[in-house]
Amino acid sequence: MMADSQTRTTDGADATTHFGFRDVPLGEKQTLVDDVFRSVARRYDLMNDLMSMGLHRVWKDALVSKLRPPRNERPFALLDIAGGTGDVSFRTVEAGGPNTHATVADINGEMLAVGRERAEKRGLADRLDFVEANAEDLPFPDASFDATTIAFGIRNVPRMDKALAEMRRVLKPGGRCFVLEFSRVDVPGLDAIYDTYSFKVIPGLGRLVTGDAESYRYLVESIRRFPPPEAFAELMRNAGLSRVAYTPLTGGIVALHSGVRI
């Protein structure tokens with residue numbers, strides 16, 4: 001299914017957006033998304049392994065390789081948005097030097113609780129902060145971070161344009177923004193296999209592992225409603241980011257988008 005515009009109408013209270021394949025009032029999407037992630041928080045990482053056959057780890061490693069946190073003592077501050085369970089932040093501080101620090105911002109308190117527990121177990125609690133925050137209205141000053149990231153979260157934000165503008169706003173000049181998100185399969189034959197797996201297998205896995213098939217059906221549908229790579233790149237440019245680029249990964253199942261605040 002081709003992606004449509006994220007918001008169908010924009011005249012205040014009449015604005016609508018999509019929640020999976022459903023159209024919903026714009027103001028209701030965040031509550032619906034919050035309900036999904038409250039339902040899956042404790043099994044989120046396990047389900048990521050099952051849904052992606054472990055590939056989400058490879059994709060996140062690719063993101064951190066592009067991020068390149070300094071290995072020396074130079075300070076480096078990352079803001080990881082919608083990163084509640086900590087995956088990208090853990091990888092970043094472990095790859096960087098002693099003054100690499102990550103702030104995990106997520107609107108969902110249950111996801112943040114999982115992330116804090118994982119940070120304690122890994123001995124990384126002193127190198128991370130966990131902040132409950134809305135991606136569309138970040139509670140951080142301008143030019144605060146060397147890099148901003150969001151992995152598999154931007155498609156759940158009701159107003160992606162506002163989130164991208166906020167990611168740019170909090171970057172220092174020269175700072176980099178990275179968005180890792182599902183994309184469009186570009187290998188003939190793989191698209192049909194991927195669709196079958198997504199719609200027939202993943203909701204069933206969700207039911208078995210979490211007792212919740214509907215949340216995973218939404219996650220699959222939300223992928224299909226996400227803009228194709230060039231359309232999303234244009235959203236990044238419109239948000240004020242420069243040198244925007246994207247790299248398809250695993251036959252286009254995901255794409256790693258990047259931009260710079262000049």
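Taking the six-membered ring for Trp, Phe232 and Phe226 have ring centres closer than 6.0 Å.
Listed by chain and number, the residues in a side chain to side chain donor-acceptor pair (under 3.5 Å) with Thr250 are Trp59 (sequence neighbours excluded). Partners of Asp106 under the side chain to side chain donor-acceptor pair (under 3.5 Å) rule, at least two apart in sequence or in another chain, do not exist in this structure. Residues that satisfy the side-chain contact (heavy atoms from CB on, under 4.5 Å) test with Ala245, not counting sequence neighbours, are Ser258.
Sorted by first then second residue, the side-chain hydrogen bond (donor to acceptor under 3.5 Å, both in side chains) pairs that include residues 230-242, not counting sequence neighbours, are Glu230-Arg237, Glu234-Arg237. Sorted by first and then second residue, the salt bridge (charged side-chain N to carboxylate O under 4.0 Å, His left out) pairs with a member in residues 241-260 form an empty list; sequence neighbours excluded.
No salt bridge links Arg176 with Asp146; every basic N to acidic carboxylate O contact stays at or beyond 4.0 Å. Between Arg118 and Asp87, at least one side-chain N (NZ, or NE/NH1/NH2) sits under 4.0 Å from a carboxylate O, which counts as a salt bridge.
The CZ atom of Arg91 sits 6.0 Å away from the NZ atom of Lys60 when rounded to the nearest 0.5 Å.
A pairwise comparison of heavy atoms in Ser89 and Leu128 identifies CB-CD2, 3.4 Å as the closest pair. The two atoms that bring Ser222 and Asn156 nearest to each other are OG-OD1, 4.2 Å, heavy atoms only.
Phe130 and Leu78 fall into different hydrophobic clusters, where Ile, Leu, Val, Met, Phe, Trp and Tyr side chains are chained together by heavy-atom contacts under 4.5 Å.
Within a 6.0 Å radius of CZ in Arg71, other residues, nucleotides and ligands contribute 12 heavy atoms or fewer.
The side-chain heavy atoms of Phe140 and Thr103, taken from C-beta on, include a pair separated by under 4.5 Å.
Residue Tyr246 shares its hydrophobic cluster (ILVMFWY side chains chained together at separations under 4.5 Å) with no other residue.
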